[in-house]
Amino acid sequence: MDRDYYLAFENFKEKILKRDNYECQNCNGSTGLLVHHIIPRRNNPKRDVPDNLITLCFECHEMVHGGNHGFLGLFTKHFQEMIKEKRNH
């Protein structure tokens, strides 16, 4: 990842955190927040768009990436529905 991309994404992450009220969108926690790519970067050329990003706490992010691919699929569908609902309000 080049430096310009990193700096631009850091700025973009702040917008996602603000959109999500600085809360994990899974458990409503407010510490250890990360911005998660719903569809992984390697599988999605349009990876850095608001509809593909969601705020998660460290624990929920670890749960999503814990290796249980069925669980990951459920999270992906759930997060996509949450983002669609936010966009429609």
Side-chain angles (χ1 to χ4, degrees):
M1 204 176 314
D2 70 19
R3 184 177 188 280
D4 291 336
Y5 172 83
Y6 176 78
L7 292 174
F9 188 67
E10 285 300 307
N11 185 43
F12 192 62
K13 282 184 355 183
E14 182 60 29
K15 292 177 184 177
I16 300 302
L17 290 166
K18 185 175 182 177
R19 177 199 70 193
D20 292 343
N21 297 313
Y22 299 92
E23 290 182 339
C24 174
Q25 297 300 290
N26 189 56
C27 74
N28 299 321
S30 60
T31 60
L33 298 177
L34 304 164
V35 174
H36 170 71
H37 287 85
I38 297 169
I39 298 174
R41 283 187 262 176
R42 66 183 173 280
N43 299 339
N44 184 3
K46 296 180 180 177
R47 60 188 176 253
D48 295 336
V49 295
D51 288 356
N52 190 46
L53 297 165
I54 193 162
T55 302
L56 296 177
C57 68
F58 179 79
E59 290 82 12
C60 290
H61 192 252
E62 285 294 301
M63 208 167 28
V64 169
H65 288 287
N68 182 337
H69 296 290
F71 192 62
L72 179 59
L74 290 174
F75 263 104
T76 298
K77 183 176 180 179
H78 174 70
F79 292 153
Q80 287 171 326
E81 289 171 1
M82 287 175 67
I83 296 299
K84 185 187 288 184
E85 187 175 313
K86 279 182 180 257
R87 189 179 40 205
N88 291 331
H89 284 133

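Just so you know, these numbers use all the heavy atoms, side chains as well, and skip hydrogens, waters and symmetry mates. Predicted model, so just to flag it, every value in this text is computed and none were measured. By convention here, the first residue in the shown sequence is residue 1.
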Minimum heavy-atom distance L34-F58, with the two atoms named
CD1-CA, 4.0 Å
Is there a side-chain contact between P50 and R19 (heavy atoms, below 4.5 Å)?
yes
Test item: K13 and T55 side chains (from C-beta on) under 4.5 Å apart, heavy atoms
no
side-chain hydrogen bond (donor to acceptor under 3.5 Å, both in side chains) filter on E14, not counting sequence neighbours, yields Y22
Matching residue for N26 among V64, L56, I54 - test: side-chain contact (heavy atoms from CB on, under 4.5 Å)
L56
Nearest non-hydrogen partners of C57 and T31, listed with the distance:
CB-O, 3.6 Å
What pairs meet the salt bridge (Lys or Arg N to Asp or Glu O under 4.0 Å) rule with one or both residues in residues 20-38, with sequence neighbours excluded?
D20-K86
Exercise: identify the closest heavy-atom pair between L53 and I38:
N-CD1, 4.2 Å
Suppose we screen for side-chain hydrogen bond (donor to acceptor under 3.5 Å, both in side chains). Which residues come up paired with K15, at least two apart in sequence or across chains?
none
